[in-house]
Engineer: 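Please find one structure pasted underneath; my questions will follow.
Since we're looking at a predicted model, the values are computed, not measured.
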Amino acid sequence: MLEERGNARGEPGSEDRSVTGEPERGGPFQMAGERLVPFSGMERILIGLDADQCVAVTTTEGPVLVVAGPGSGKTRVLTHRVAYLIGSGRARPWQIVAVTFTNKAAREIRERLGGLLGTESAQLVQAGTFHSLCVRILRRDGYRIGLEPAFTIYDEEDQLALVKQALRDLGLDPQRFSPRMLLGRLSRAKNDQHSPSDLQSMAQSYWDEVAARVYERYAQYLQRAQAVDFDDLLLRTVELFTEYPDVLAHYQDRWRYLQVDEYQDTNRLQYQLVRQLASGHRNLCVVGDPDQSIYSWRQADIRNILEFQRDFPDATVIRLGRNYRSTPQIVAAADAVIRVNRQRIERPLWTENPPGPPIRLLACWDEQQEAEMVVSEIDRLVRTGNARYRDIAVLYRINAQSRSVEEALVRRQIPYQVIGGVRFYERKEIKDALALLRVLVNPRDWLSLRRVLSETAFGRGIGEKTLLQLEQWGQRQQCSPADVLLLLVEEREEAPALAAATVRRLRELGGELVRLRAAMVEHPASQLFDLALERSGLAARYRDASDPTERERWENLVQLRSVLERYDTVPAAEGLPLFLEEAALVAAIDEAEMSGDQVTLLTLHAAKGLEFPVVFLIGVEEGLLPHARALESEAELEEERRLFYVGITRAKERLYLSYCSSRNRFGLRERCLPSHFLDDLPPDVVEAGSRASERVPRVAPPAGGHAGPVESSAPVVPRLRAGQRVFHPAFGDGFVVAVREQAGDQEVTVQFKRHGTKTLLASLAKLVVEE
């Protein structure tokens, strides 16, 4: 835990002036009583900032850590900091990099900068995600490590397809070796900078060996197709900087000021990239909140922010603790919940916002009643004028929880949207069109070409057997199967032995693609798109279809064309590659449209960075929040608590928390207990009579205990012995296999009917002995 320095509210009296909000002599503002008054030249940039925000904006040199609590105005600080660097003459716009975690956040920063500095200066600032930053570097200098400028970026669906292809080539069953699990293992290997041979040498099981073999074949496919996945964008940039110091020196010299948002969510590769870029000038400002670190499953490492002062001992630490978003009741609840965690940077969380209604707990019998209670309250809030549909969000731990709420909303005819459903760029017809465009930009992209041959009229007369022959040819030649088209168009003898009719058809297809590729330099992106749809038969298939579903697909393609029109002002040869690059980097939250008057349903992970006047957080139960997977690890349990904290702090005015006595899981009706996170809510911010401890469902009492709810302040922990039947709120029914006494506690091994053997501490497990 980082040592707290200074007074987080910027009040006089602290010894460390660099972190308290008190300006240094000769700085850009002067004192007037207890207020900071900016000098006239910087008024547009500094006016409206509180004392701590001013310090964060004007502390420009050397390493800086800004610990920004939820709703503390960190986007405002990031934007004004960039504006201050430019306005004060410390940097030119192109010397500043602002790294965000979503394109949406980058756009917001540019828009705000435009208001402060003007559009021209704002557009010159390099604001974007880690991945977009790496794309720019690799397009320019990737040739040094064997990567052509026209490389393709594969999304998750493409990556899974490659893993499945690797399994087929190795003669392995995808039913036995989950492609998604293997892809996750490959991602972790890349994050740790392990090569396929590293993975092979570290293998401790047959599954590990299979993962190493799949990794090797997967990497070969990417190299031959001149393609990269999202991990490669980071890995290969770090590789480039490591192997070619002159390239790194170029970017260090160009980008003099580096600031990184959401630093608590950086992974190992992003951490290394930041260290490399900042190692020269050391003007690095990272902004984040370890209490909102919720993406370890994406390889995010909370240690990156917790240990920032170890990496930069001379760092200035600034704490933004004032919450401008939520009511005092919501802020107090969030603060009380998160203080239980150990892995955090201590800082106050407070607000001067006016009081709002108390937090409400909804105790429900099951998920159907939960959904009805939530939707009834939504209806009441809207009818009484306390909210609009667009003001309301329903948050949940896992996607499956949305079903009952959706059904209840439909019955009430309440409009809603689900964030995290089938994304626009993942729809079949869109993927088909994108594959066609990707082949035009990168002819060696076999994965995209295979899709074109399978899903468009270009593939007429070309069957699965031919595709397999091409893939086998590619393996023998150690190159992309797509290269065969070039061979056939050029009528070279190296082409594989195929039937004469197949060769003619492939040669025709190759000619079509060559002609379309030539059109790239003549037609703007949207017109090239029209040509590609017509010649591939996609337009004919969907445009005049009688099936409403097919017509909807055509409407989606028309919408895609409207996106391409934005790139028509770019030189023809550059427009399509730029569009494909940006489309590949679109995140789910970037696609979310919050403009319509509709209730928003989304997971807690997807809600990060958003805010709503009214929030319903459903399913606050043991086994859901915290999730059952986290109950055996203190680190994972702390992350689940951070997830709960993130959910609480999305609410501005009203917060509802719900839990059920029973819930249908995996087709079975199971008993549930309220989450122990609810026990940490301060009694004075929760509506009277709705405390979790007062609504715990009645279950069979512990041996020698009493029936009824147990007060959260003094839980009864039964003494357990081998052979007892027990119930666990997440793992269900089981029996005690062994008990070991341990420092006043008991380490209990339980064989559960559906979850196997688990070893738990009795004081934490909430086991109920069944009679």
Side-chain angles (χ1 to χ4, degrees), residues 357-384 386-387 389 392-416 418 598-604 607 612 614-628 644 647-648 651 654-679 681 686-700 707-710 712 727-730 732-733 766 768:
I359 296 169
R360 288 188 59 188
L361 291 181
L362 307 178
C364 316
W365 287 113
D366 55 25
E367 64 268 31
Q368 280 74 36
Q369 188 189 34
E370 179 182 54
E372 287 298 329
M373 292 179 72
V374 167
V375 173
S376 293
E377 182 64 7
I378 289 173
D379 185 55
R380 187 191 69 80
L381 289 172
V382 174
R383 281 190 294 102
T384 56
N386 287 294
Y389 291 133
I392 302 170
V394 181
L395 311 183
Y396 35 83
R397 178 63 178 83
I398 61 175
N399 281 307
Q401 290 174 259
S402 72
R403 183 185 58 81
S404 56
V405 178
E406 288 187 68
E407 291 173 353
L409 288 167
V410 169
R411 284 194 295 271
R412 295 286 187 106
Q413 296 184 324
I414 293 176
Y416 71 93
V418 180
Q598 52 193 342
V599 177
T600 300
L601 278 61
L602 70 170
T603 65
L604 287 162
F612 301 88
V614 182
V615 166
F616 291 84
L617 206 173
I618 65 175
V620 190
E621 302 151 18
E622 294 294 311
L624 270 181
L625 189 63
H627 196 279
F644 183 44
I648 291 174
R654 298 173 186 269
L655 175 63
Y656 299 79
L657 306 172
S658 67
Y659 56 89
C660 298
S661 300
S662 72
R663 188 176 293 274
N664 193 308
R665 296 181 186 172
F666 311 105
L668 299 174
R669 177 65 52 185
E670 295 187 353
R671 290 176 290 176
C672 306
L673 291 178
S675 171
H676 67 276
F677 294 162
L678 295 172
D679 296 337
L681 296 174
V686 179
E687 186 177 62
S690 63
R691 294 287 296 158
S693 60
E694 298 172 13
R695 298 198 178 192
V696 174
R698 292 179 178 269
V699 295
V710 179
S712 59
F727 168 76
H728 186 276
D733 295 315
K766 289 194 173 183
V768 176

Engineer: Does the side chain of Glu406 come under 3.5 Å of the side chain of Ser402 through a donor N or O and an acceptor N or O?
Structural biologist: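 Per modelled atom types, Glu406 and Ser402 side chains form a pair under 3.5 Å.
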Engineer: Partners of Phe644 by ring-ring contact (aromatic ring centres under 6.0 Å, His included), sequence neighbours excluded?
Structural biologist: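 Partners of Phe644 under the ring-ring contact (aromatic ring centres under 6.0 Å, His included) test: Phe677.
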Engineer: Checking Glu370 now: which residues fulfil side-chain hydrogen bond (donor to acceptor under 3.5 Å, both in side chains) with it, not counting sequence neighbours?
Structural biologist: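 Only Ser658, Arg663 meet the side-chain hydrogen bond (donor to acceptor under 3.5 Å, both in side chains) criterion with Glu370.
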Engineer: Mind checking side-chain hydrogen bond (donor to acceptor under 3.5 Å, both in side chains) for Arg397 and listing every partner two or more places apart, or none if nothing turns up?
Structural biologist: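 For Arg397 the side-chain hydrogen bond (donor to acceptor under 3.5 Å, both in side chains) partners, ignoring immediate neighbours, are Glu640.
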Engineer: What residues form a side-chain contact (heavy atoms from CB on, under 4.5 Å) with Asp733, not counting sequence neighbours?
Structural biologist: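 In terms of side-chain contact (heavy atoms from CB on, under 4.5 Å), with neighbours along the sequence ignored, Asp733 is linked to Arg671, Phe727, Lys753, Glu770.
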Engineer: Before you tell me yes or no, could you show the steps for Leu617 and Leu625 under side chain to side chain contact (heavy atoms under 4.5 Å, CB included), namely the whole-Å CA-CA distance, both residues' side-chain angles and the distance that decides it to 0.1 Å?
Structural biologist: CA-CA 10 Å; Leu617 206 173; Leu625 189 63; 3.9 Å; yes
Engineer: Any side-chain heavy atom of Val614 within less than 4.5 Å of one from Glu377?
Structural biologist: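 They are not in side-chain contact.
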Engineer: Please step through side chain to side chain contact (heavy atoms under 4.5 Å, CB included) for the pair Ile392 and Val382, ending with a clear verdict.
Structural biologist: CA-CA 10 Å; Ile392 302 170; Val382 174; 4.2 Å; yes
Engineer: Tell me, please, which residues at least two apart from Thr603 pass side-chain contact (heavy atoms from CB on, under 4.5 Å).
Structural biologist: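 Thr603 satisfies side-chain contact (heavy atoms from CB on, under 4.5 Å) with Tyr396, Asn399, His605, Ala606 once adjacent residues are dropped.
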Engineer: Run the side chain to side chain contact (heavy atoms under 4.5 Å, CB included) check on His627 and Ile398 step by step: do they pass?
Structural biologist: CA-CA 9 Å; His627 196 279; Ile398 61 175; 4.2 Å; yes
Engineer: Do Leu409 and Val394 come within less than 4.5 Å of each other through their side chains, counting heavy atoms only?
Structural biologist: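 They are not in contact (no side-chain heavy atoms under 4.5 Å apart), so the answer is no.
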Engineer: So, using side-chain contact (heavy atoms from CB on, under 4.5 Å) as the criterion, who are the partners of Gln368 when residues are at least two apart?
Structural biologist: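 By the side-chain contact (heavy atoms from CB on, under 4.5 Å) rule, Gln368 matches Asp366, Arg403, Arg669.
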Engineer: Evaluate the side chain to side chain contact (heavy atoms under 4.5 Å, CB included) criterion for residues Val375 and Arg411: first the C-alpha distance (whole Å), next the side-chain angles of each, then the deciding distance (0.1 Å), finally the verdict.
Structural biologist: CA-CA 10 Å; Val375 173; Arg411 284 194 295 271; over 6 Å; no
Engineer: Taking C-beta and beyond as the side chain, do Tyr656 and Met373 meet within less than 4.5 Å on heavy atoms?
Structural biologist: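 They are not in side-chain contact.
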Engineer: With sequence neighbours excluded, tell me which residues meet side-chain contact (heavy atoms from CB on, under 4.5 Å) with Ala628.
Structural biologist: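 Partners of Ala628 by the side-chain contact (heavy atoms from CB on, under 4.5 Å) criterion, ordered by chain and then number, come out as Ala730, Phe731.
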Engineer: Within a strict 4.5 Å, meaning less than it, do heavy atoms of the Val405 and Val599 side chains meet?
Structural biologist: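 Counting from C-beta outward, Val405 and Val599 never come under 4.5 Å.
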Engineer: Asp379: what forms a side-chain hydrogen bond (donor to acceptor under 3.5 Å, both in side chains) with it, not counting sequence neighbours?
Structural biologist: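 Listed in chain order: Arg383.
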Engineer: With Tyr389, which residues qualify under ring-ring contact (aromatic ring centres under 6.0 Å, His included), at least two apart?
Structural biologist: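 Tyr389 satisfies ring-ring contact (aromatic ring centres under 6.0 Å, His included) with no other residue.
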Engineer: Just jot down the side-chain hydrogen bond (donor to acceptor under 3.5 Å, both in side chains) partners of Glu622, sequence neighbours excluded, or say none.
Structural biologist: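 Glu622 satisfies side-chain hydrogen bond (donor to acceptor under 3.5 Å, both in side chains) with His676 once adjacent residues are dropped.
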Engineer: Can you check whether Leu657 reaches Tyr659 side chain to side chain, under 4.5 Å on heavy atoms?
Structural biologist: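 Heavy-atom side-chain distance check fails, nothing below 4.5 Å.
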Engineer: Check whether any side-chain heavy atom of Leu678 sits under 4.5 Å from a side-chain heavy atom of Val686, and report yes or no.
Structural biologist: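 No, side chains not in contact.
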